[in-house]
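A short write-up of the structure that comes next.
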Protein chains: 2
Amino acid sequence: MTARVRLLLADDHPVVRAGLRAVLETEPDFEIVADVPTAEEAVRLAARGEADVVLMDLQFGGRMLGSQATAEITARPGGPRVLILTTYDTDADILAAIEAGATGYLLKDAPPQELATAVRTAAAGRSALAPTVALRLMDRLRTPASALSRRETEVLQLVAEGLSNAAVSKRLFLSQATVKSHLVHIYAKLGVDSRTSAVAAATARGLIRR
Amino acid sequence: MTARVRLLLADDHPVVRAGLRAVLETEPDFEIVADVPTAEEAVRLAARGEADVVLMDLQFGGRMLGSQATAEITARPGGPRVLILTTYDTDADILAAIEAGATGYLLKDAPPQELATAVRTAAAGRSALAPTVALRLMDRLRTPASALSRRETEVLQLVAEGLSNAAVSKRLFLSQATVKSHLVHIYAKLGVDSRTSAVAAATARGLIRR
DNA sequence: CCCGCGGTCAACCCTTCGGTTGATGCCGCA
DNA sequence: TGCGGCATCAACCGAAGGGTTGACCGCGGG
């Protein structure tokens, strides 16, 4: 298994790009073909077929999301594998990335060695998950109760933005009774007993955005 | 101004440490004496007087906070300058760091060149702030109305974590009347009328941590 | 085919929260 | 020296949110 792995790095932090270069260039079987600061450029370069694995961040200072870029890259058959490398390990992020077709999900606090083996694993087409991430997915499968329904997520999202029950009901063309009903179910699933703690719990678990 | 600058790097991400090394070692007048993965070690090494500037992250995977470490390092007279290097630019973080005695506050998306000049500025004893950070501070000075007091921020932080008024009052050893009083003032300052919208507004403006 | 679940709504009761008024002590600054 | 902001607390009231029960519909899987 001495196949050379051609890498494309995508991260908006110059320091992180330099760090990844420094860490991965020491591996004799790795070749870094480019490092780019935006998701758009990652998509563009990935389409050229010069890389086997794309190491990509999820957050790119505001613009296009890493998960979006991942979807575009993996949509093209014969394209490179995508390995997500991020600081966050919330459910929403992980699921979005996996649904987008990512081959692996790593956390930035991973030791260099783990990183290198994950890259080789991904290059071989097998999935590479950080232990923390794997655990989280197991949890989710074991207790599907913690998963909110689409409508519930929609309601909670608006609540998190500060809307009252009345405001939510108007926005979603519902009666206040329905909104309250949804909230009661949400509280039960999250194991809380108020709107603010529901928002806190949901953001902590990455079920809703910000 | 060819004085050599001795640097100590503190960050829990191996990749970031490697990146900082790679970026800063190219500067001929810099010398990196050590890089450590914890705030505790940063404090210990800083006390040995072998560094002029400490480049430190604020978040260290759960344990001791960078602001705490900063306070301990700067408490010792004749110690090194502390330069905060983090991903976040919320008011609370910035103020905590500056109050702890940090000489500068940089964001991780800064280009390498900016980083190097900031280090030299700090070594010379002058404060070095990222443009975004400086802007935020100016804003705060210009419109002190939007700035929450220390106590108010403390209360709102707990509210954001989902605590009820009763729970907040117990946690802070206050009466519920006081908590409500603080909240009323917070609502006025943020221009909102409920706890959830206060949390939403405050997180949007970076007044509290998430 | 029917059960379960998601989504919708109503009526009810009780707790908490929101808003006001008013008061005290402390500290810094003019 | 006094004003104003911060922090603390009390009492009160109305409104919003929280909790329960019960009901209806549509849809998909056993």
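All figures in this text were calculated on a predicted structure; none of them were measured in a lab.
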Pairing residues for B/Ala42 by the side chain to side chain contact (heavy atoms under 4.5 Å, CB included) criterion, not counting sequence neighbours = B/Ala10, B/Val36, B/Met56
Those residues that, when tested against B/Glu50, pass salt bridge (charged side-chain N to carboxylate O under 4.0 Å, His left out) (two or more places apart) = B/Arg48
Along DNA chain C, first and last positions that approach a heavy atom of chain A under 4.0 Å = C/dG7 to C/dC12
Per-nt protein contacts along nucleotides 8-22 of chain D (heavy atom under 4.0 Å; B base, S backbone sugar-phosphate only, - none) come out as BBB-B----SBBB--
Listed partners of B/Thr178 passing side chain to side chain donor-acceptor pair (under 3.5 Å), at least two apart | B/Ser175
Footprint string (nucleotides 25-30 of chain D, 5' to 3'): B base within contact, S backbone only, - free, heavy atoms under 4.0 Å = ------
Smallest separation among heavy atoms of B/Ala46 and B/Leu8, with atom names = N-CD2, 4.0 Å
For B/Arg150, check salt bridge (charged side-chain N to carboxylate O under 4.0 Å, His left out) against everything at least two apart and list the hits.
-> B/Glu99
Nearest heavy-atom approach of A/Ala160 to A/Ile208 is CB-CD1, 3.7 Å
For B/Glu154, the side chain to side chain donor-acceptor pair (under 3.5 Å) test, sequence neighbours excluded, returns B/Arg151
Output all residues satisfying side chain to side chain donor-acceptor pair (under 3.5 Å) with A/Asp35, sequence neighbours left out; order by chain, then residue number.
-> A/Arg17, A/Arg21
For A/Ala69 and A/Ala39, which heavy atoms make the closest approach, and how far apart are they?
-> CB-CB, 3.8 Å
Side chain to side chain donor-acceptor pair (under 3.5 Å) partners of B/Glu152, counting only residues at least two apart = B/Ser149, B/Lys189
According to the salt bridge (charged side-chain N to carboxylate O under 4.0 Å, His left out) rule, which pairs have a member within residues 102-116 of chain B, sequence neighbours left out?
-> B/Asp11-B/Lys108, B/Asp57-B/Lys108
Closest contact, heavy atoms only, B/Val33 versus B/Ala51 = CG2-CB, 4.2 Å
What bend angle does the helix from C/dC1-D/dG30 to C/dA30-D/dT1 show across its length, from five-pair end axes and to the nearest 10 degrees?
-> 40°
